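Heads up, the thing below is written out as structure tokens.
Given the structure is predicted, the values throughout are model-derived calculations rather than measurements. Heavy atoms only: backbone and side chains are in, while hydrogens, waters and symmetry mates are out.
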Amino acid sequence: MDYFTIATVLIFLSAIFGYINVRFLKLPNAIGLMLITIVFTLVIFAISGFDDTLLNAEKYIITHIDFRTVLMDVMLSFLLFAGALHTNFEQLKVQRWPVFAFATLGVLVSTFLVGTAMYYILQVVGLPIDYVYCLLFGALISPTDPIAVLGILKKAGVPKKLETKIVGESLFNDGVGVVVFLTIFQIASFGSSETGASEILELFGQEVIGGLVLGLLLGWITFRLMKSIDDYDIEVIITLAAVMTGTVIAHQLHLSAPLAMVTAGLIVGNDKARNAAMSETTETYVDKFWELLDILLNTILFVLIGMEILVLTIELNYFIAGLIAIPVVLACRYLSLLLPINFFKKKLDFVPNTNIIMTWGGLRGGISIALALGLTTEMHRDLFLVITYVVVVFSILVQGLTVEKLVKRLSHSN
């Protein structure tokens, strides 16, 4: 099977599963597609006892796709730009300081809380793991996934002020989370004695500040180019070129491509830039193009997440550790949000029960799985991949399906 055939099979499955979801299940696309794919894979497992043709075909596809590379180096840039393009920039500007605190302090605190808790829990369940590897798990599971969050929150009826905080946090914290993960990964690979504080700060600064500066530059150039012409075809292509070129530059210069794309998307998509640079026709075409691309990549991503069950190491104590990790990750997220929320809530008139809604609405997704797949064997990749998968599936299927009811109940009770 060549790559075109693999892509064809994935898009075919995305279309069929998407149809089944819209026609019969009527769940949010992210939830429906992942649920159907998991069920489909389990059915193939059952059939393989009689005929393993379908199982071998699915295994071939999933083993010939480098999920980490496909998501982190290709899909993520498009998805984050599309998400940022449709984010309310004015609301985000008002909420910029809590969003910044959630995306930086929140991720760091959660990383250390989760890592420390899992270090002791894994010892109790007979899986003693070095502390630095537990911190790696904390780093990969702490960022909330904008791809999962954006699709589900839009339908959950979350108050706009709170939606902006959750969406804004998820757009930025995955970029910060990836940088934290890479930093701890470097320490785990080379040892803390060989990785000094100055090197860590340099890596962090280069990735984060460099990514933001690149995004500002890309956004400004894109805006200037679009403002100087009025041709919706070419303007759509300019936005596409900005994302693709920016991603390549970020990878070459070792800057954070996610942060660059979010920043560029916010600049091009804010109301002032739209009014100055886009005609009504251009605005419609730009929005529709990125919405379609967003939906297409989302459907493929959640089908792939469902299929990743095939690469898991099936061991009971791994799954027990994964089930224990669910409340641990949620509790650590709740605690990591306490300080920023208490600091800003009086100044910015926070929605009641913000912490509970942000904890339950902070979904994990493909980014966590992609980072877990990037672990080495020495870092206990198989164990942490199973734990991550269990947390992500719970997050999307259980939290994703109940966040709307939670929002209604909590807002109704106030």
Side-chain angles (χ1 to χ4, degrees), residues 1 6-7 9-18 20-21 25 27-72 75 127 137 140-141 145 147-148 151-152 297-326 329 363-375 377 379-401:
M1 245 191 278
I6 290 173
V9 170
L10 285 174
I11 290 176
F12 172 77
L13 290 175
S14 300
I16 296 296
F17 295 166
I20 291 168
N21 180 51
L25 300 183
L27 296 171
N29 279 332
I31 298 170
L33 283 160
M34 199 176 86
L35 179 61
I36 294 166
T37 310
I38 290 172
V39 171
F40 173 75
T41 303
L42 293 174
V43 168
I44 285 178
F45 262 127
I47 294 171
S48 68
F50 309 99
D51 184 355
D52 61 0
T53 309
L54 278 174
L55 182 63
N56 290 336
E58 193 172 345
K59 275 186 176 174
Y60 181 91
I61 288 170
I62 209 66
T63 51
H64 280 74
I65 293 173
D66 185 340
F67 183 87
R68 185 178 186 276
T69 302
V70 167
L71 176 58
M72 302 303 290
M75 293 172 74
L127 295 164
F137 171 71
L140 68 87
I141 207 68
D145 191 319
I147 302 152
I152 291 164
L297 293 178
N298 257 308
T299 54
I300 294 170
L301 173 61
F302 284 99
V303 166
L304 280 172
I305 292 175
M307 291 171 80
E308 284 296 321
I309 198 170
L310 289 172
V311 302
L312 299 182
T313 303
I314 311 298
E315 285 196 26
L316 182 61
N317 55 350
Y318 286 12
F319 280 97
I320 290 169
L323 292 172
I324 295 170
I326 293 168
V329 170
L363 309 178
R364 271 70 181 184
I367 292 165
S368 293
I369 292 174
L371 292 175
L373 284 164
L375 296 173
T377 308
M379 294 169 180
H380 305 277
R381 176 184 181 273
D382 291 345
L383 166 64
F384 286 125
L385 185 57
V386 171
I387 296 174
T388 303
Y389 197 83
V390 172
V391 172
V392 167
V393 169
F394 177 87
S395 172
I396 293 172
L397 296 187
V398 179
Q399 291 171 235
L401 280 173

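Looking only at side-chain heavy atoms (C-beta outward), Asn29 and Asn298 stay at 4.5 Å or farther from each other. Contact annotation: the side chain of Ile369 never approaches that of Arg68 to less than 4.5 Å [non-hydrogen atoms, C-beta and beyond]. Counting only heavy atoms from C-beta outward, the side chains of Ile387 and Phe384 approach each other to under 4.5 Å. Looking only at side-chain heavy atoms (C-beta outward), Leu33 and Asn21 stay at 4.5 Å or farther from each other. The side-chain heavy atoms of Ile309 and Leu42, taken from C-beta on, include a pair separated by under 4.5 Å. In this structure, the side chains of Thr41 and Leu310 come closer than 4.5 Å at one or more pairs of heavy atoms. You'll find the side chain of Phe40 reaches within 4.5 Å of the side chain of Glu58, heavy atoms only. Residues Tyr318 and Leu127 form a side-chain contact, since some pair of their non-hydrogen atoms from C-beta on lies under 4.5 Å apart.
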(message) Run the side-chain contact (heavy atoms from CB on, under 4.5 Å) test on Leu304 and Ile62 for me, step by step, so that the C-alpha distance in whole Å, both residues' side-chain angles and the decisive distance to 0.1 Å come before the verdict.
(response) CA-CA 8 Å; Leu304 280 172; Ile62 209 66; 3.9 Å; yes
(request) Quick one: do Phe302 and Ile305 satisfy side-chain contact (heavy atoms from CB on, under 4.5 Å)? Show the steps, please. (result) CA-CA 5 Å; Phe302 284 99; Ile305 292 175; 3.8 Å; yes
(request) For the pair Met34 and Val393, evaluate side-chain contact (heavy atoms from CB on, under 4.5 Å) and give the outcome as yes or no after the intermediate values. (result) CA-CA 8 Å; Met34 199 176 86; Val393 169; 4.0 Å; yes
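The nearest pair of heavy atoms linking Ala372 to Thr388 is CB-OG1, 3.8 Å. Of all heavy-atom pairs between Leu385 and Val311, the closest is CD2-CG2, 4.0 Å. Contact detail for Thr53 and Asp51: the closest heavy-atom pair is OG1-OD1, 2.6 Å. The two residues Phe319 and Leu312 come nearest to each other via the heavy atoms CZ-CD1, 4.5 Å. Here the closest non-hydrogen pair linking Ser14 and Val303 is OG-CG2, 3.7 Å. Minimum interatomic distance between Leu375 and Met379 (heavy atoms only, all atoms of both residues): CD2-SD, 4.0 Å.
Ser368 places no side-chain N or O within donor-acceptor distance of the main-chain N or O of Arg364, the cut-off being under 3.5 Å. Of the possible polar contacts, none joining the Arg381 side chain to the Gly374 backbone as a donor-acceptor pair under 3.5 Å is found. The backbone N or O of Leu55 sits nowhere less than 3.5 Å from a side-chain atom of Asp52 that would complete a donor-acceptor pair. The backbone N or O of Leu363 sits nowhere less than 3.5 Å from a side-chain atom of Asp145 that would complete a donor-acceptor pair. Panel note: side chain Ser395, backbone Val391; no donor-acceptor pair is recorded below 3.5 Å.
Taken from CZ in Phe17 to CG in Leu10, the straight-line distance is 10.0 Å, to the nearest 0.5 Å.
Among residues two or more places apart in sequence or in another chain, the ring pair (Phe, Tyr, Trp, His ring centres under 6.0 Å) test is passed with Phe45 by none.
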